[in-house]
Amino acid sequence: MEPVVLREKKDLDIYINPQRQRLLRLMTVEGHPMTPKQLSDEMGISPSSVQHHLSRLAELGLVAVDHTENVRGITAHYYIAMPRVVSVGCVQQDENTPQRLALIQSGVNRVFQGVIDYYHTLKPEELGKPDMGDVLWGIARLRPEEAEQLFSIIHRFLQKHEGTAKDGDPWEYALIAYPVKEEPHA
């Protein structure tokens with residue numbers, strides 16, 4: 001499925017909203033269709049607020065009605081997070097660049113805080129095991145075709161594993177990679 005690219009200010013305004021970020025994350029982590037009432041109970045906000053945020057996220061193609069059920073004479077709409085990658089469009093240099101950068105920083109900080117919180121729940125003997133998660137950084141030397149191959153592998157892998165199916169545990173990630181301009185030697 002094609003990524004959602006946040007090109008326009010309108011798209012950024014929809015996506016950057018903190019409640020919508022929380023809502024989308026909750027739906028993705030839960031991994032099954034939920035009603036606005038169920039979501040409001042989890043989030044501690046009104047069902048009408050959840051419904052408003054769902055309709056805005058649906059404009060971007062990030063959520064959709066999965067199905068409806070008749071519950072005690074009322075038609076309940078069950079929403080699901082769509083398996084879509086979101087691209088902030090940071091390669092664009094326009095009047096929305098500050099908003100894009102704020103969104104990136106907020107997202108990376110949220111993932112970083114999540115990993116810190118997660119590590120505090122681990123027992124000492126669990127630390128350092130690859131199946132428990134990790135944070136990696138460094139510099140790899142890649143030729144242009146290797147960089148293209150790396151991103152292709154990452155994108156294919158994530159597309160295969162994103163979504164809300166319950167055939168695995170949800171793993172949150174923030175991958176950042178870019179070509180470094182080598183500093184001239186002094």
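The figures that follow rest on heavy atoms only: side chains count, while hydrogens, waters and symmetry mates do not.
Summarising the geometry of Asp94 relative to Asn96, their closest heavy-atom pair is OD1-N, 2.9 Å, with the distance given to 0.1 Å. Contact between Ala64 and Met82 at its shortest, heavy atoms only, is CB-SD, 3.7 Å. Residue Tyr173 comes nearest to Val111 through the heavy atom pair O-CG2, 3.9 Å, listed as atom of the first residue, atom of the second, then distance. Listed here is the closest heavy atom pair of Arg100 and Val88: NE-O, 2.9 Å. Scanning all heavy atoms of the two residues, the minimum distance from Glu69 to Tyr78 falls at OE1-OH, 3.5 Å. In terms of heavy atoms, Thr35 sits closest to Ala76 at CG2-CB, 4.1 Å.
Atom CG of Leu175 and atom CG of Leu136 lie 9.5 Å apart (nearest 0.5 Å). Atom CG of Leu142 is separated from atom CD of Gln149 by 9.5 Å, given to the nearest 0.5 angstrom. Interatomic distance, Ile80 CD1 to His32 NE2, rounded to the nearest 0.5 Å: 9.0 Å. In this structure, Asn109 CG and Ile116 CD1 are separated by 9.5 Å, a value rounded to the nearest 0.5 Å. Atom NE2 of His53 sits about 11.5 Å away from atom CD of Gln21, to the nearest 0.5 Å. Note that CE of Met27 is 12.0 Å distant from CD of Glu42, once rounded to the nearest 0.5 Å.
Hydrophobic clustering (side-chain heavy atoms under 4.5 Å, transitive across Ile, Leu, Val, Met, Phe, Trp, Tyr) keeps Phe151 apart from Val86. Linking Ile, Leu, Val, Met, Phe, Trp and Tyr residues whenever their side-chain heavy atoms come within less than 4.5 Å places Tyr178 and Val108 in a single cluster. Both Leu103 and Ile176 belong to a common hydrophobic cluster when Ile, Leu, Val, Met, Phe, Trp and Tyr are linked at side-chain heavy-atom distances under 4.5 angstrom.
Side-chain atoms of Arg25 and Val29, non-hydrogen and from C-beta on, do get closer than 4.5 Å to each other. Using a 4.5 Å heavy-atom threshold, the side chains of Ser106 and Arg110 count as touching. Between Glu30 and Leu26, the closest side-chain pair of non-hydrogen atoms falls below 4.5 Å. Side-chain atoms of Pro33 and His67, non-hydrogen and from C-beta on, do get closer than 4.5 Å to each other. Side chains of Gln38 and Tyr79 form no contact here, defined as non-hydrogen atoms less than 4.5 Å apart. Put simply, the side chain of Asn17 does not reach to within 4.5 Å of the side chain of Arg56, judged on heavy atoms.
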(request) Would you check, one step at a time, whether the test side chain to side chain donor-acceptor pair (under 3.5 Å) holds for Tyr15 with Glu59? (result) CA-CA 10 Å; Tyr15 191 75; Glu59 289 177 42; over 6 Å; no
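Within a 6.0 Å radius of CD in Gln19, other residues, nucleotides and ligands contribute more than 12 heavy atoms. Enclosure of atom CZ in Phe112 is not indicated, since only 12 or fewer non-hydrogen atoms of other residues, nucleotides or ligands lie within 6.0 angstrom.
The only member of Leu57, Ile14, Leu54, Leu23 that meets side-chain contact (heavy atoms from CB on, under 4.5 Å) when paired with Leu62 is Leu57. If you run side-chain contact (heavy atoms from CB on, under 4.5 Å) between Lys9 and each of Leu6, Asp13, Leu12, only Asp13 comes through.
Electrostatic pairing of Arg143 and Glu145 counts as a salt bridge here, judged by a charged N lying under 4.0 Å from a carboxylate O.
A distance-only check finds no donor-acceptor pair linking the side chain of His52 to the backbone of Ser48 [under 3.5 Å]. Ser40 places a side-chain N or O within 3.5 Å of a backbone atom of Lys37 that can act as its donor or acceptor partner.
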